[in-house]
Trainee: 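Pasting in a structure now, in structure tokens, and then I'll have a few things to ask.
Residues: numbered from 1 along the sequence shown. All values below were derived from every heavy atom in this structure, side-chain atoms included, with hydrogens, water molecules and symmetry-related copies excluded.
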Amino acid sequence: MVGDGHRTAGTPLRAAQDEAGVPPGVWKGRGLAAVGLTAGDVVSERQAELLLGEGRHPDADRIERELLAQGESLARARRATVLGRPIEHNQSPETEKAKERTPWLAMDLVFRPPSTAHIAWALTDDETRLVLELCQDISRDKTLAWLEDSVAQIRWGSGGKHRRPVKDGLIVAVFRHYESRAAESKPLLHDHAVVSIRARRPDGKWGNLSADSMLAHIVAADCLYTLLFMEEVSPRLGWAWEPREVTPGRRPVMEIAGIDQRLIGWQSTRRQQIEDALSVLTDQYEEKHGHAPGEKAGYALACQAADQTRPPKRTELLSLTELRTRWRASAIAAFGACTVYRLAERARAAAAAVWARVRPVVDVVLAAVDTVAVVYVMRGAFARHHLLAEARRHLAYALRGRPHQPGLDDQIVQAVVDDYTRPVGRGRKMTADLRALYPRDTEDQAVLRPLTRKRTAPPYERARLAAGALATRVRAARRAERLGSRLRPYAVAVPAASRPSHPRPLRAGRKDGRLLEPETGADAVEQTRQMLEAAAAQVAATIHDSRRAREAAHGLRPQPAPATAAPPHTQQPGTQHTPGRTTGGAT
């Protein structure tokens with residue numbers, strides 16, 4: 001509640017928050033009405049202590065006083081303020097394994113934008129900072145609303161065998177922090193959404209949320225939050241997004257185009273500390289066991305590296321204005337004033353280059369094939385929420401910040417479930433149906449098996465190869481059936497800013513991550529414009545010379561020019577587009 005600041009005994013909470021430079025927490029969620037709270041109210045210390053610390057009504061003190069005044073006993077008055085089962089039940093000697101059971105009253109969901117968003121928020125002017133904070137608020141609240149509507153379930157009965165949607169909604173306390181735990185304070189805009197485990201059942205009684213349902217959908221919620229944040233930032237600031245590979249062979253992350261990649265290394269000092277410690281621990285593990293650590297062992301070593309390098313909390317109290325002044329001075333000293341002061345301008349110029357080469361078009365069939373291929377290679381057997389997370393990643397890459405139609409992610413998932421999967425076992429798991437992907441060529445059904453068994457390549461690299469193979473198969477089937485002569489019912493187009501062209505992937509890597517597409521900036525925009533003008537002039541001259549030569553050879557009379565011409569941005573019927581790639585050419 002006070003960030004990473006220290007709070008001395010006897011200091012009021014609001015005073016400690018002011019000294020630490022963090023804003024007070026606020027209440028969110030539709031379940032607030034059931035306990036007499038309103039969204040946007042400030043989280044007081046006593047309310048948090050009662051609800052998140054004891055599982056009681058946030059206004060329990062007043063309720064107890066009123067019941068005691070009416071003649072109720074102290075025990076009955078206290079029991080009336082408890083939401084659901086009292087936490088004393090876990091400490092009762094009669095409870096099975098009483099010492100092993102600890103009351104769990106809340107879960108902490110952290111909403112953190114991409115790294116380049118932290119950099120822009122810390123180094124740009126106050127107007128841009130406020131816009132980014134607004135985008136953070138909107139995307140966070142929409143993600144919490146999705147968790148309320150589609151994920152949150154209440155459980156009751158022996159072992160929680162009964163599951164139903166919550167009656168009112170969630171009760172969430174949101175706390176905003178501004179910096180990371182690095183030894184030198186670095187910008188890290190993020191929100192802690194502390195979700196109360198208490199919620200109401202359909203019959204009106206209080207119970208506990210199904211934690212496994214919430215945790216199973218965390219990755220899907222994270223992908224939705226990133227997609228929504230991108231869609232809020234792009235129209236307000238005129239920025240676009242491009243993929244960046246942080247770790248070779250792993251999933252790329254979407255970053256704001258045009259922001260100097262060196263600033264990511266300046267901001268992510270904590271990550272570098274963990275990576276340095278992890279390399280030492282990995283060498284020790286290989287020396288002791290004689291082989292490289294597996295997935296579980298690697299995760300355990302990463303946690304150990306994070307604990308070893310975790311610095312103590314900052315004792316110096318600074319406001320956000322003081323922090324931003326310090327961050328800007330540090331970035332200017334490291335990379336120069338031009339890099340900092342022209343950050344927003346270069347991001348807008350880079351966005352124009354991104355929209356010039358990437359047309360935001362979503363083909364539902366190709367998106368479904370891409371989703372099922374990646375999830376199948378990465379997991380083998382999967383559930384619906386795995387498909388939903390991957391479909392949202394596909395939309396983020398294809399649209400680059402342009403808005404998607406509501407429900408498009410569910411539409412992609414439903415296409416996968418209906419056409420390209422088959423059930424596995426007795427549960428809700430499923431896997432890819434290769435017979436549906438290759439209905440007429442049984443010999444090619446094994447195209448994915450070598451990819452899934454090639455253990456030397458990283459899983460995501462194999463997944464991308466499989467997705468490319470399946471997408472090529474779909475396009476070939478469309479051409480064979482002459483679907484290109486009719487309008488496609490599968491495409492969902494978003495208006496693009498300008499005519500696209502082919503992207504060219506970069507081969508060189510960087511220590512702080514490599515761009516999977518050309519880095520865009522003002523120089524790239526000007527170079528692209530000059531190249532297109534020169535190509536257009538050369539093509540026009542070639543066409544004119546060849547036509548005059550044909551006329552002279554065959555004695556043809558010059559043909560009059562057409563009265564009207566098709567607009568250069570009009571998509572002709574039958575043109576097939578791949579998300580993120582378009583046909584090239586010069587106008």
Side-chain angles (χ1 to χ4, degrees), residues 4 21-22 112-136 176-190 229-230 232-244 246 253-273 314 316 318-355 400-401 506 510-515 517-527:
D4 284 339
V22 296
R112 169 182 170 175
S115 299
T116 45
H118 306 313
I119 296 168
W121 169 80
L123 302 181
T124 52
D125 53 32
D126 287 334
E127 182 179 357
T128 304
R129 173 183 68 85
L130 294 176
V131 170
L132 289 172
E133 291 181 1
L134 175 63
C135 297
Q136 168 78 349
R176 172 156 294 175
H177 293 175
Y178 294 138
E179 53 185 326
S180 66
R181 287 287 297 263
E184 296 181 0
S185 173
K186 294 298 181 181
L188 185 65
L189 174 67
H190 62 286
F229 184 81
M230 293 168 56
E232 295 295 333
V233 169
S234 292
R236 287 181 168 85
L237 297 175
W239 296 348
W241 300 77
E242 57 189 358
R244 181 177 69 92
V246 180
V253 297
M254 301 302 295
E255 300 286 4
I256 300 172
I259 293 184
D260 197 322
Q261 299 296 300
R262 296 176 300 171
L263 291 172
I264 297 179
W266 165 79
Q267 185 262 346
S268 302
T269 56
R270 176 82 177 112
R271 175 184 176 86
Q272 188 60 46
Q273 293 171 357
R314 177 174 56 84
E316 184 182 8
L318 297 174
S319 65
L320 178 58
T321 302
E322 294 170 330
L323 288 173
R324 281 167 49 83
T325 302
R326 173 179 292 190
W327 294 332
R328 181 171 294 186
S330 174
I332 291 175
F335 308 109
C338 183
T339 302
V340 175
Y341 290 115
R342 298 188 61 189
L343 187 148
E345 177 186 350
R346 289 178 173 176
R348 286 190 292 269
V354 170
W355 300 130
R400 309 298 180 93
L506 290 180
R510 297 181 180 180
K511 185 176 180 181
D512 58 345
R514 66 185 180 92
L515 290 174
E517 297 175 352
E519 186 172 2
T520 49
D523 297 337
V525 175
E526 181 63 21
Q527 184 179 1

Trainee: Under 3.5 Å, is there a donor-acceptor pair between the side chain of Glu179 and the main chain of His177?
Mentor: no

Trainee: For residues Asp126 and Arg324, determine if any side-chain heavy atom of one lies less than 4.5 Å from a side-chain heavy atom of the other.
Mentor: yes

Trainee: Keeping Thr128 on the side-chain end and Thr124 on the backbone end, is there a donor-acceptor pair under 3.5 Å?
Mentor: no

Trainee: Using only atom types and a distance under 3.5 Å, with no angle test, would you say the side chain of Glu322 pairs donor to acceptor with the backbone of Ser319?
Mentor: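 Yes.
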
Trainee: Counting N and O atoms only, with roles assigned by atom type, does the side chain of Thr325 sit under 3.5 Å from a partner on the main chain of Thr321, one being a donor and the other an acceptor?
Mentor: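 It does hold such a pair.
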
Trainee: Return yes if some donor-acceptor pair links the side-chain N/O of Arg400 with the main-chain N/O of Pro243 below 3.5 Å, else return no.
Mentor: no

Trainee: On a heavy-atom basis, which atom in Ala344 and which in Trp239 lie closest, and how many Å separate them?
Mentor: O-NE1, 3.7 Å

Trainee: If you compare all heavy atoms of Leu343 against all heavy atoms of Ile119, which two are closest, and at what distance to 0.1 Å?
Mentor: CD1-CG2, 4.0 Å

Trainee: Return the minimal non-hydrogen interatomic distance between Gln136 and Pro113, and the atom names on each side.
Mentor: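 Nearest pair, atom of Gln136 first, then Pro113: OE1-CG, 3.4 Å.
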
Trainee: Which heavy atom of Arg236 sits nearest a heavy atom of Cys135, and at what distance?
Mentor: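 Nearest heavy atoms, Arg236 then Cys135: CD-SG, 3.9 Å.
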
Trainee: Is the side chain of Arg244 donor-acceptor paired with the backbone N or O of Val253 at a distance under 3.5 Å, no angle test?
Mentor: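 Such a contact is absent between Arg244 side chain and Val253 backbone.
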
Trainee: Is Arg346 paired with Asp260 through a side-chain N to carboxylate O contact shorter than 4.0 Å?
Mentor: no

Trainee: Between the main-chain N or O of Ala337 and the side-chain N or O of Arg342, is there a donor-acceptor pair closer than 3.5 Å?
Mentor: no

Trainee: Parallel, tilted or perpendicular: which fits the ring planes of Phe229 and Trp241, with parallel below 30° and perpendicular above 60°?
Mentor: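 Taking Trp241 first and then Phe229, their aromatic rings stand perpendicular (interplane angle over 60°).
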
Trainee: Are the side chain of Arg348 and the backbone of Gly258 linked by a donor-acceptor contact shorter than 3.5 Å?
Mentor: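 Not confirmed, Arg348 side chain does not pair with Gly258 backbone.
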
Trainee: Search all heavy atoms of Val340 against all heavy atoms of Arg328 and return the closest pair with its distance.
Mentor: CG1-CG, 4.0 Å

